[in-house]
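Quick caveat, the model's predicted, so the values are computed rather than measured.
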Amino acid sequence: MDGGGGDMRSTIKKWNVIYPVYLNSKKTVAEGRRIAAAKACPDPTCIEIADCCSHLKIPHAIELDKAYPRDFFQVGRVRVQLKKDDGSPVNPAIKTKKQLMIQIAELVPKHHGRTKKQEPQTNASNAGPSKTKGGKKKK
């Protein structure tokens, strides 16, 4: 089993790397953003990027133990396979790394984890003021 994992790791090393910072609309180009701010999304995570890759049928591997070199507090990256061994693209619709990053940035805001997080916040904010009453408790 170790031999298979080592062989897989050596093939993954040849894959392209996508750090979440590349797609983060809150970062500047100097801080590491690689696509236009208008096309980028706010605070993407490795898990969201990996889910988008699986949606696009792109082979990927998450490396949570790796950090972004410019800012080592940004932990995690995703390796993606854009081309097969013979040089043909894995997904004919996506030929370059930049095209893939733009596609992922479009999909991340629609990610099921983000849509679920937003629903409870709106319910809590609507119900919050009606439940709480001002004033002191009587003893």
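- A heavy-atom distance below 4.5 Å is found between the side chains of L64 and C46.
- Between L56 atom CG and D51 atom CG the span is 11.0 Å, to the nearest 0.5 Å.
- Qualifying ring pair (Phe, Tyr, Trp, His ring centres under 6.0 Å) partners for Y19, counting only residues two or more places apart in sequence or in other chains: Y22, Y68.
- Inter-residue side-chain proximity for I58 and Q81 is flagged as unmet; no heavy-atom pair is nearer than 4.5 Å.
- In this structure, SG in C53 is found 12.0 Å from CD in E48, a value given to the nearest 0.5 Å.
- A heavy-atom distance below 4.5 Å is not found between the side chains of T45 and P20.
- Note that NE2 of H112 is 12.5 Å distant from NE2 of H55, once rounded to the nearest 0.5 Å.
- Closest non-hydrogen pair, P89 versus K95, comes out as CG-CG, 4.4 Å.
- Residues satisfying the side chain to side chain contact (heavy atoms under 4.5 Å, CB included) test with K57, not counting sequence neighbours, are none.
- A salt bridge does not link E106 to K39: none of the charged nitrogens lies less than 4.0 Å from a carboxylate oxygen.
- In this structure, the side chains of T28 and E31 come closer than 4.5 Å at one or more pairs of heavy atoms.
- Side chain of Q74 to main chain of D71: no donor-acceptor pair is present (N/O by atom type, distance under 3.5 Å, no hydrogens or angles).
- Residues I102 and V21 share a single hydrophobic cluster, defined by chaining ILVMFWY side chains whose heavy atoms lie under 4.5 Å apart.
- A 6.0 Å sphere centred on CG of D65 holds more than 12 heavy atoms belonging to other residues, nucleotides or ligands.
- The backbone N or O of P42 sits nowhere less than 3.5 Å from a side-chain atom of N24 that would complete a donor-acceptor pair.
- Under the 4.5 Å side-chain heavy-atom criterion for Ile, Leu, Val, Met, Phe, Trp and Tyr, V80 and L107 are members of the same hydrophobic cluster.
- In this structure, CZ on R77 lies 11.5 Å from CG on N16, to the nearest 0.5 angstrom.
- Looking only at distances, no side-chain donor or acceptor of Q103 sits under 3.5 Å from a matching main-chain atom of Q99.
- In this structure, the side chains of V78 and V17 stay at 4.5 Å or more apart for every pair of heavy atoms.
- In this structure, C52 SG and M101 CE are separated by 14.0 Å, a value rounded to the nearest 0.5 Å.
- Annotation for A105 and A40: closest pair CB-CA, 4.1 Å, computed over non-hydrogen atoms.
- Of the options H60, K14, E63, a side-chain contact (heavy atoms from CB on, under 4.5 Å) to R79 is made by E63 and by none of the others.
- To the nearest 0.5 angstrom, I49 atom CD1 is 10.0 Å from H111 atom NE2.
- With contacts defined as side-chain heavy-atom distances shorter than 4.5 Å, the pair K83/V90 does not qualify.
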Q: Could you please spell out the steps behind the side chain to side chain contact (heavy atoms under 4.5 Å, CB included) verdict for I18 and I104?
A: CA-CA 10 Å; I18 296 180; I104 291 171; 4.1 Å; yes

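- K27 contributes no side-chain N or O that, together with a main-chain N or O of R34, makes up a donor-acceptor pair within less than 3.5 Å.
- Connection of I12 to I62 is not established within any shared hydrophobic cluster, with ILVMFWY side chains joined at heavy-atom distances below 4.5 Å, either directly or through further cluster members.
- Under the 4.5 Å side-chain criterion, counting only non-hydrogen atoms from C-beta, T96 is not in contact with L82.
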